[in-house]
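A quick write-up on the structure given underneath.
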Amino acid sequence: MTDRSSVPAAGTPDRDLQAFIAGLPKAELHVHHVGSASPRIVSELAARHPDSKVPTDPEALADYFTFTDFAHFIDVYLSVVDLIRTPEDVRLLTYEVARDLARQQVRYAELTITPFSSTRRGIDELAFMAAIEDARKAAEAEFGTVLRWCFDIPGEAGLESAEETARLATDDRIRPEGLVSFGLGGPEIGVPRPQFKPYFDRAIAAGLHSVPHAGETTGPETVWDALTELRAERIGHGTSSAQDPKLLAHLAEHRIALEVCPTSNIATRAVRTLDEHPIKEFTRAGVLVTINSDDPPMFGTDLNNEYAVAARLLDLDERGLADLAKNAVEASFLDAPGKARIVREIDTYTTTWLAP
Ligand SMILES: O=C(O)c1cccc(C(=O)CC[C@H]2O[C@@H](n3cnc4c(=O)[nH]cnc43)[C@H](O)[C@@H]2O)c1
Ligand SMILES: [Zn+2]
């Protein structure tokens, strides 16, 4: 087995708690489309495209998915993006991601998609939208998992990528029915958030919610920029918010959720060790914390493992875990009846589990 010692193994609280997590109905708010490609799908695509440097062998793949820093992670991420070349690749990937989520009892997920990366590689924009929508509808009918989309700007690719993402997200003839939000991803260093304000303004005017990544690899000032310039309603990661008590108080007061992805932060070396992760400071300050998986196969994790990690770091029992799951429902962009349905399911599941 390849050494993945930089990535924590399962939170391993106890077997019962793990079984509870496995069956707990959940919502996932921060998970990337290409970053969710299973090792099987990546191997299959890599075998189809021998010109790629992505290994076909799952053992070698685990090694390939061991990152020296955030920049290295983005390089590897883009090599997997390069494998997705046809609308059928897009449809298959999306459908399989939904299947993996359903297996973990995820009832609702907001999947971050970077359409610019696909259209610039030559996939037709309407065929791309048709592929994700077809997979979304099939997944809902077959697995009962509701998918929604967040289109993100890959900030390091410049304002051309921002313009293209805003166009695809706001043109009524192109934007897909499942689109609910607008994001900003990729490296933060050297990519100031305020330059993206006009694009977020357009997306918000078109009815989309604002959910940029911020404070993953830079300080709390980036989170402030995301709030004030991009009118963020949730923050992707927001890890460095812990360095600024005023920011924590602001997030708590305005119920602006943090999309916390603990294993991701260790795998990309944004945080040194799990025990140094600031999640406890967030909950202590009253911030609405949601637990997410980011790019699960690339980080050797899944959403259930992230809940197990959170249980260990926050010393949670079943009720505490159910509250975390409800946080994600509250912070989601699902409609009120949809939220109420999942909350009821979480409550029924927890009561039944704890009944003598
Ligand atoms: O597609 C391109 O051609 C391209 C050119 C230059 C830069 C980029 C990117 O920066 C793409 C970044 C890509 O990474 C995704 N992602 C996945 N996980 C994370 C994360 O933890 N933090 C930030 N970004 C992440 C993001 O959605 C972008 O698609 C692309
Ligand atoms: Zn992310």
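Every number for a ligand or one of its atoms is a count from 1 in the order of the listing.
Neither the backbone nor the side chain of Phe151 comes within contact range of ligand 1; no heavy atom lies under 4.0 Å. When heavy-atom distances to ligand 1 are checked against a 4.0 Å cut-off, Leu78 comes that close only through its side chain, counted from C-beta outward. Contacts between Ile74 and ligand 1, counted as non-hydrogen atom pairs separated by less than 4.0 Å, involve the side chain only.
His213 contributes NE2 and His32 contributes NE2; the angle these two atoms make at the Zn ion (ligand 2) is 100°, rounded to 10°.
With 3.5 Å as the limit, one finds no donor-acceptor pair spanning the side chains of Thr145 and Glu140. When only modelled atom types and interatomic distance are considered, His32 and Asp295 share no side-chain donor-acceptor pair under 3.5 Å. Remark: the Ser181 side chain and the Glu110 side chain contain no N/O donor-acceptor pair separated by less than 3.5 Å. Using modelled atom types, one finds a donor on one side chain and an acceptor on the other under 3.5 Å when comparing Glu142 with Tyr95. Inspection of the Ser38 and Glu96 side chains reveals no N or O donor paired with an N or O acceptor under 3.5 Å.
Nearest to atom 8 (C) of ligand 1 by heavy atom, out of Pro154, Ala270, Gly236, Cys261, is Pro154. Of the options His32, Glu160, Met298, Glu216, the smallest heavy-atom separation from atom 22 (N) of ligand 1 is shown by Glu216.
Considering backbone and side-chain N/O of Arg121, one or more are found under 3.5 Å from N/O of ligand 1. Note: an N/O pair closer than 3.5 Å links Gly186 and ligand 1 by distance alone. Inclusion of Thr112 in the set of residues having an N or O under 3.5 Å from an N or O of ligand 1 is not warranted. By the 3.5 Å distance cut-off applied to N or O atoms, Asp294 is counted among the residues near ligand 1.
Between Trp149 and His33, the distance separating the two ring centers is not shorter than 6.0 angstrom.
The shortest separation from a heavy atom of His33 to ligand 1 is not under 4.0 Å, leaving the residue out of contact. Residue contacts with ligand 1: Pro187 is included, with a non-hydrogen atom under 4.0 Å away. For the pair His237 and ligand 1, a heavy-atom separation below 4.0 Å is found.
Taking the side chain as every heavy atom from C-beta outward, Thr68 and Phe73 never approach each other to under 4.5 Å.
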